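What follows is a single structure, written as structure tokens, with notes after it.
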Amino acid sequence: MQDFPVFDSRYARHARLTDLRSDTVTRPTEAMYERMREAPVGDDGLDGDPSVLKLEAAVATMLGKEAGLYVPTCTMANLLAVLAHTQRHQQVVLEANAHMFTTERGGSLLAGLAYTPVEGKAGAMDLDRLATAVSPGAYRIGVGLIAMETSHNNAGGAVLPLDHMQAVHALAQRAGVPVHIDGARLMNAAAALGIPAAALGQHAESVSLCLSKGLSAPVGAVLAASGKAIAVARAYRKVLGGTQRQAGIMAAAGLEALHTMSARLPEDHVKARALSDSLNAIGAPLAASAPDTNIVQVQIGGTGMTSHQWVDALSEHGVLTRPSGNAMLRCVTHRHIEDDDIAHATEAFAQVLQQRVLA
Ligand SMILES: *Cc1c(COP(=O)(O)O)cnc(C)c1O
């Protein structure tokens, strides 16, 4: 929908725009702008910023942790968790399609670590392979951290079952290894399970949470963990250049996001399911995943067009999506996607398919 406070003029040529690229495209609400204008601010690099401190405490409480650390991005939150928990020349063990592996593993170069992927299903690591990966061996360097991800981005927004999280944590505790949850979309997972976020947070020593995806804050993420781990992360945040000054302006939007946006995430999940159903109603060769949350994966492999060709063709109809490999598109629902956007997107898919058949 085009109800953005400030519309991106690069897309002005489209009479109608449905942006399914990511939930990161969500704009701040009016209430966020108001909170930003009125936020008490200090200096987060000196003795702290009152709005940042408030946000850090609120997220820590929500995730059942002692302390929080406000950072510009969830990528930095994850890297700081890695740095806080590990020593150089250790391994970080994580699911093979995890965002921390596929997209963020360059961090291993900075941290002097080896990232070890473990195959899984729907984002959940195979427990036998995980046990093998963390078992000590004379020829192995030690494991410093195990990471999980929920909801799982590359697994189409899949939500890890609670008993899986509990099993991974138990296995890690037996091995004396801390666990981190990449919870960029943790609130989506909690909403899908119908449980408080702390019920997920209890299965790890640290959790990251992105405020600028479905929660609609303009920027920012929070890392939550023990006071001790956060003190280490705070020192590394300075090293990485992630310490900001009057960051309370952004944190105030984050607080508003946390308190008002979590409750509406199920709406995004309903819309994702509706999109999946209507694309599957078009039928073969299109096949859409049945989403747990707000991400729909659309298989286009049998259409004779690549995912990049699909992205271009759909964008001609004012429907923005992203390729995921050569044979799949990724569509993400969010606060700006309405029922008629689902119809618009479905119509565009049908037309592109038809034009392809006629060609
Ligand atoms: C988006 C995402 C991140 C990174 O978040 P940024 O705030 O964009 O740095 C990390 N993990 C997962 C699972 C994500 O989806």
Side-chain angles (χ1 to χ4, degrees), residues 19-28 55 59 63 68-83 92 94-108 110 115 117 120 122-125 145-160 165 179-192 197 200-201 204 206-224 233 236-237 240-242 244 247 250-251 253-254 257-258 261 265 268-269 272 291-297 322 324 330-334:
D19 193 344
L20 295 166
R21 289 174 301 170
S22 178
D23 45 8
T24 57
V25 302
T26 46
R27 307 299 168 102
L55 172 65
V59 174
L63 300 180
L69 183 69
Y70 185 55
V71 288
T73 63
C74 199
T75 301
M76 190 182 287
N78 289 334
L79 180 57
L80 289 175
V82 167
L83 290 166
V92 174
L94 70 187
E95 199 273 331
N97 286 313
H99 197 275
M100 283 177 67
F101 188 67
T102 60
T103 308
E104 301 171 32
R105 73 173 180 272
S108 67
L110 307 176
Y115 278 23
M125 287 179 279
L145 183 69
I146 296 171
M148 288 190 263
E149 178 178 322
T150 193
S151 66
H152 196 292
N153 193 342
N154 290 326
V159 175
L160 295 182
M165 298 182 75
V179 173
H180 171 68
I181 298 173
D182 176 357
R185 293 190 182 82
L186 190 84
M187 302 314 288
N188 293 84
L200 299 171
S206 62
V207 189
S208 59
L209 174 70
C210 189
L211 300 165
S212 71
K213 292 189 170 169
L215 298 182
S216 303
V219 290
V222 176
L223 175 67
Y236 278 119
R237 184 184 70 169
L240 295 179
Q244 305 173 97
M250 295 302 176
L258 198 64
M261 291 292 137
L265 292 176
D268 299 344
H269 302 175
D292 285 350
T293 55
N294 67 329
I295 301 174
V296 181
Q297 294 179 327
R322 277 163 77 199
S324 184
R330 178 176 175 274
C331 301
V332 185
T333 56
H334 50 77

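Start at 1 and go down the list; that is how both ligands and their atoms are numbered. What you see is a predicted model, and the numbers here were worked out from it, not measured in a lab. By convention here, the first residue in the shown sequence is residue 1.
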Considering both backbone and side-chain atoms of Asn153, is one of its nitrogen or oxygen atoms within less than 3.5 Å of a nitrogen or oxygen in ligand 1? yes
Which of the numbered atoms in ligand 1 are under 4.0 angstrom from any heavy atom belonging to Glu149? 13 (C)
Without swapping roles, check the side chain of Gln297 against the backbone of Asn154 for a donor-acceptor pair under 3.5 Å. yes
Minimum-distance protein heavy atom relative to atom 7 (O) of ligand 1: Cys74 N, 2.8 Å
Where is the nearest protein heavy atom to atom 2 (C) of ligand 1: which residue, which atom, and how far? Lys213 NZ, 2.2 Å
Is the closest N or O pair between Asp182 and ligand 1 shorter than 3.5 Å? yes
Do Ser151 and Asp292 meet the criterion of a side-chain donor-acceptor pair at a distance under 3.5 Å? no
For a side chain to side chain contact (heavy atoms under 4.5 Å, CB included) with Leu265, tell me which candidate from Leu215, Thr293, Thr333 qualifies. Leu215
Main chain of Cys74, side chain of Ser208: is a donor-acceptor contact present, judged purely on distance under 3.5 Å? no
Identify which of Thr75, Val71, Thr24, Val332 has a heavy atom lying nearest to atom 9 (O) of ligand 1. Thr75
Taking the side chain as everything from C-beta on, heavy atoms only, tell me whether Arg105 gets closer than 4.5 Å to Leu94. no
Can you spot which of Leu20, Asn153, Asn294 makes a side chain to side chain contact (heavy atoms under 4.5 Å, CB included) with Val332? Asn294
Mode of Met100 contact toward ligand 1 - side chain, backbone, both, neither (heavy atoms, under 4.0 Å): neither
Quick check on contacts: which atoms of ligand 1 are under 4.0 angstrom from a heavy atom of Arg185? 15 (O)
For ligand 1, is there an atom lying under 4.0 Å from some heavy atom of His152? no
Is there a side-chain contact between Pro291 and His269 (heavy atoms, below 4.5 Å)? no
Between Asn97 and His152, does any side-chain donor sit less than 3.5 Å from a side-chain acceptor? no
Proximity of Thr103 to ligand 1 by residue part, where a heavy atom lies under 4.0 Å: neither
Taking only non-hydrogen atoms of Cys210 and a 4.0 Å limit, the atoms of ligand 1 in range are 7 (O)
In terms of residue, atom name and distance, what is the protein heavy atom nearest to atom 10 (C) of ligand 1? Glu104 OE2, 3.1 Å
